[in-house]
Amino acid sequence: MSVSKNEYSKMTENAQPHSPVFKNSIKAFLFGGGICCAGQGLFALYGMLKLNNDQIKALVPITFIVITAILTAFGIFDKIARHAGAGTIVPITGFANSVVCSAMEYRNEGEIPGVGSEIFNIAGPVILYGTAASFVYGIIYWIVERVIA
């Protein structure tokens, strides 16, 4: 049986589930914005505790990492992510979720061969390419500031 490219395209289009893009975009915007607003709320809360700016700047992401790790460990973060979609991938929460998920998946294989070797399975490429990109952007920034300006 021979299928033309046009027929194949129609078949695959009909077989794919249709995603409500507008609705998903609104949810991602609201959940992602909510996470950012919560971060600003934490910033204000820690400010009321008379902490200095450096301490606050460290505590806000640490708080998000701990909360995300706990929610992931109890399976709550995944339920939130099903509704929020891309809104939960605000960098710090998405990163923490990926690390904890990898650790949980391989915990039965032991501490070192399981958790230790697989914990950055998903987050590793983010670390690698994020570091490489920041190096390239740093070089570009240096060139613009020193050479061009």
Side-chain angles (χ1 to χ4, degrees), residues 3 5-109 111 113-145:
V3 179
K5 282 187 175 182
N6 194 21
E7 291 173 327
Y8 183 76
S9 294
K10 287 181 182 177
M11 288 170 43
T12 55
E13 188 177 313
N14 290 335
Q16 292 177 348
H18 295 286
S19 176
V21 176
F22 184 74
K23 178 182 171 186
N24 289 346
S25 298
I26 296 296
K27 282 182 172 182
F29 175 78
L30 293 175
F31 275 91
I35 291 170
C36 293
C37 287
Q40 192 61 42
L42 285 172
F43 196 91
L45 176 70
Y46 291 143
M48 285 190 282
L49 297 174
K50 305 292 186 216
L51 300 173
N52 67 42
N53 265 356
D54 289 337
Q55 292 172 322
I56 295 170
K57 288 176 187 175
L59 280 174
V60 170
I62 289 169
T63 303
F64 273 118
I65 290 168
V66 170
I67 290 170
T68 302
I70 291 169
L71 292 176
T72 300
F74 287 108
I76 298 168
F77 192 85
D78 292 337
K79 291 176 184 174
I80 295 169
R82 275 191 218 113
H83 295 288
T88 57
I89 307 178
V90 173
I92 199 79
T93 56
F95 185 78
N97 179 50
S98 68
V99 171
V100 173
C101 281
S102 292
M104 288 175 53
E105 184 175 345
Y106 293 100
R107 72 178 178 262
N108 292 337
E109 295 179 22
E111 293 297 317
V115 174
S117 65
E118 302 293 338
I119 193 165
F120 291 110
N121 217 11
I122 297 171
V126 174
I127 296 169
L128 171 69
Y129 292 112
T131 304
S134 67
F135 178 77
V136 170
Y137 297 146
I139 297 286
I140 293 168
Y141 178 77
W142 183 83
I143 290 170
V144 168
E145 287 293 313

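Predicted model, so just to flag it, every value in this text is computed and none were measured.
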Going from CZ on Phe77 to CD1 on Ile70, what distance comes out if it is rounded to the nearest 0.5 angstrom?
-> 13.0 Å
If you look at every heavy atom in Phe43 and Lys57, which pair is closest and at what distance?
-> CE1-CG, 4.3 Å
Checking Gln55 side chain against Asn52 main chain: does a donor-acceptor pair fall under 3.5 Å?
-> yes
Modelled atom types, side-chain donor and acceptor of Thr72 and Asn97, under 3.5 Å | yes
Under 3.5 Å, is there a donor-acceptor pair between the side chain of Thr12 and the main chain of Ser9?
-> yes
Can you measure from CD1 (Ile92) to SG (Cys36) and round to the nearest 0.5 angstrom?
-> 11.5 Å
Closest non-hydrogen contact found for His83 with Lys79 is CD2-O, 3.3 Å
Would you give the length of the straight line joining atom CD1 of Ile80 to atom OG1 of Thr68, rounded to the nearest 0.5 angstrom?
-> 8.5 Å
Could you state the interatomic distance from OG1 (Thr63) to CG (Leu45), rounded to the nearest 0.5 Å?
-> 9.0 Å
From Lys50 NZ over to Ile56 CD1, what is the distance, rounded to the nearest 0.5 angstrom?
-> 10.5 Å
Taking every non-hydrogen atom, the tightest pair across Val100 and Ala69 = CG2-CB, 3.6 Å
Going from CG on Leu59 to CG on Leu49, what distance comes out if it is rounded to the nearest 0.5 angstrom?
-> 9.0 Å
Specify the closest pair of heavy atoms between Gly39 and Val60, including all atoms of both residues, with the distance to one decimal.
-> O-CG1, 3.9 Å
